[in-house]
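All of these numbers come straight from a predicted model, not from anything done at the bench.
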Amino acid sequence: MKHLVIVCTALFISTISFAQFQVSVSSGYALGSAGMKLGETVNISETENSYGSFGEGANFQLRGTYFFGPSFGAEIGLGYLLGTDQTISEVDLPNREVDAVARARAFGGSASIVYRFTNNIYGRFGALIKIGGKTEAVVYDKTVFTQEEADAFGVPLGSYSETNYKEDFHGQFPLGFIAALGYKYDLSDHFSIFAEAEYYGISLKRKDSELSEFNTDIVLPDGTVAVSGFYSLDNLPAGYNKETTYVDNLDNNNTDSSKKLAQKVPYSSFGINIGVTYKFKGGAAKKG
């Protein structure tokens, strides 16, 4: 028993002597990884799939790391993803023009183990979750009226409807993987700068979506708006729902257009981060 107490005390003193807490802030840019089909591009001669990942874009991170010794540490991080536009529908036909993109606006969290290979080179790996945000779709849809439709609206042939709307998609709680390899350079006893390559492996299952903006104008061939706000959030056309729920099972006789089958969308990425670290007072020893 006496020997056990001595060993535990020695381990505790050793941990305290090496313990060190540090805070890092960084920013970077990531390219999509493990991309999946997000939509289609259609013109008069062909239809082409559009692939990508909503994980592509700029990110901002705040991380706190506690080192138990000269090599091992634990880290908690918070981040924000400002995703780039991903094509979900692009149509270029004589009577139809669609430009629809979607982008991530997401907050995430991570819990990782950090290992110092040397005083300058380190690696970290752990779990990644999305804790908030949305995937925002921005859609422009121009449809030229047929003669019958133009007569019904009392406008000349060549007139068209012009629809702009935004739809926010939300997902279920996801769990992913994060890994990084980096190099740091000490500027002083407290400050250092670093650069790292980072991988996110995560996908998101959709839960629901909601229209946040919707407007349709009736436009004459010369571009003059004949009727402004013909359709709006409070007066949606057939086939549009203010809220949509995504489910795993849908009855073959279902007639409720506000329910759709769920799908997973990719958020995986590979990118480069650059940042600054501040080390609080501690006795962490350098590893050569």
Side-chain angles (χ1 to χ4, degrees), residues 29-43 47-60 79-93 96-108 130-143 160-174 176 200 202-217 219 229-248 250 256-269:
Y29 190 87
L31 298 175
S33 175
M36 297 170 60
K37 178 183 175 181
L38 300 179
E40 294 178 346
T41 298
V42 181
N43 57 42
T47 298
E48 181 182 357
N49 287 334
S50 175
Y51 296 92
S53 170
F54 291 115
E56 180 176 348
N59 71 79
F60 308 90
Y80 178 74
L81 171 64
L82 186 68
T84 58
D85 290 352
Q86 302 293 318
T87 299
I88 55 176
S89 181
E90 186 176 318
V91 179
D92 185 12
L93 298 173
R96 184 88 185 276
E97 182 181 335
V98 177
D99 183 11
V101 298
R103 62 265 186 126
R105 299 289 186 266
F107 292 92
K130 179 185 175 186
I131 56 179
K134 62 187 178 182
T135 302
E136 179 187 59
V138 181
V139 182
Y140 170 81
D141 190 337
K142 173 184 175 182
T143 302
Y160 54 91
S161 67
E162 192 174 60
T163 298
N164 290 276
Y165 69 88
K166 290 183 179 181
E167 187 170 10
D168 297 335
F169 294 86
H170 306 102
Q172 297 181 7
F173 184 84
Y200 283 173
I202 191 170
S203 60
L204 188 65
K205 187 177 182 181
R206 282 183 173 159
K207 180 178 66 174
D208 57 54
S209 65
E210 180 179 8
L211 291 173
S212 59
E213 297 179 19
F214 195 99
N215 182 77
T216 298
D217 294 335
V219 186
F230 185 79
Y231 289 120
S232 66
L233 271 178
D234 298 321
N235 177 35
L236 293 172
Y240 291 90
N241 298 283
K242 190 170 184 179
E243 296 182 352
T244 302
T245 302
Y246 294 88
V247 297
D248 289 328
L250 205 57
D256 184 359
S257 61
S258 69
K259 291 185 178 180
K260 296 181 180 180
L261 287 175
Q263 61 181 122
K264 280 192 172 183
V265 292
Y267 268 77
S268 297
S269 65

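Looking at every heavy atom in both residues, Ser203 comes nearest to Pro174 through O-CB, 3.6 Å. Closest approach of Ser212 and Leu233 over heavy atoms only: O-CD1, 3.4 Å. Shown here for Leu38 and Gly52, the closest heavy-atom pair between the two residues is CD1-C, 3.6 Å. Nearest heavy-atom pair across Ala100 and Val139 is CB-CG2, 3.8 Å. Of all non-hydrogen atoms in His170 and Gly133, the two that sit nearest each other are CD2-O, 3.6 Å. A pairwise comparison of heavy atoms in Gly55 and Ser269 identifies O-CB, 3.6 Å as the closest pair.
Within the model, atoms CD of Glu56 and OG1 of Thr84 stand 3.5 Å from one another, a figure rounded to the nearest 0.5 Å. Atoms CG and NZ, from Asp234 and Lys242 in turn, are 6.0 Å apart once rounded to the nearest 0.5 Å. Here the CG atom belonging to Leu250 is positioned 11.0 Å from the OG1 atom belonging to Thr245, to the nearest 0.5 angstrom. The NZ atom of Lys37 lies 12.5 Å from the CD1 atom of Ile88; values are rounded to the nearest 0.5 Å. For the atom pair CD (Glu48) and CD (Glu90), the distance works out to 9.5 Å, reported to the nearest 0.5 Å. From Leu204, atom CG reaches atom CD of Gln263 across 10.5 Å, with rounding to the nearest 0.5 Å.
No donor-acceptor pair closer than 3.5 Å links the side chain of Arg103 to the backbone N or O of Gln86. In this structure a side-chain-to-backbone donor-acceptor pair under 3.5 Å is missing from Asn59 to Gly79. Looking only at distances, a side-chain donor or acceptor of Ser53 sits under 3.5 Å from a matching main-chain atom of Ser268. Side-chain atoms of Ser50 come within 3.5 Å of backbone N or O of Thr87 as a donor-acceptor pair. A side-chain donor-acceptor contact under 3.5 Å links Asp217 to the backbone of Gly229.
Test Thr41, Val98, Asp99, Val42 against Ser89 for side-chain contact (heavy atoms from CB on, under 4.5 Å) and you get one pass: Val98.
Looking only at side-chain heavy atoms (C-beta outward), Asp141 and Arg96 come within less than 4.5 Å of each other. You'll find the side chain of Asp208 stays beyond 4.5 Å of the side chain of Glu243, heavy atoms only. Considering only heavy atoms from C-beta on, Phe214 comes within 4.5 Å of Thr163 through its side chain.
Using a 3.5 Å distance cut-off with no hydrogens or angles, the side chains of Ser209 and Glu167 do pair a donor with an acceptor.
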Apply side chain to side chain contact (heavy atoms under 4.5 Å, CB included) to the pair Arg105 and Leu82, showing each step before the final yes or no. CA-CA 5 Å; Arg105 299 289 186 266; Leu82 186 68; 3.5 Å; yes
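Checked against the 6.0 Å centroid threshold, Tyr240 and Tyr165 count as a close aromatic pair.
Using cut-offs of 30° and 60° on the angle between ring planes, the pair Phe169 and Tyr246 is tilted. Taking the six-membered ring where the residue is Trp, Phe54 and Tyr267 present tilted rings, their angle falling between 30° and 60°.
Evaluation of the side chain to side chain donor-acceptor pair (under 3.5 Å) rule for Thr244 yields no partner, not counting sequence neighbours.
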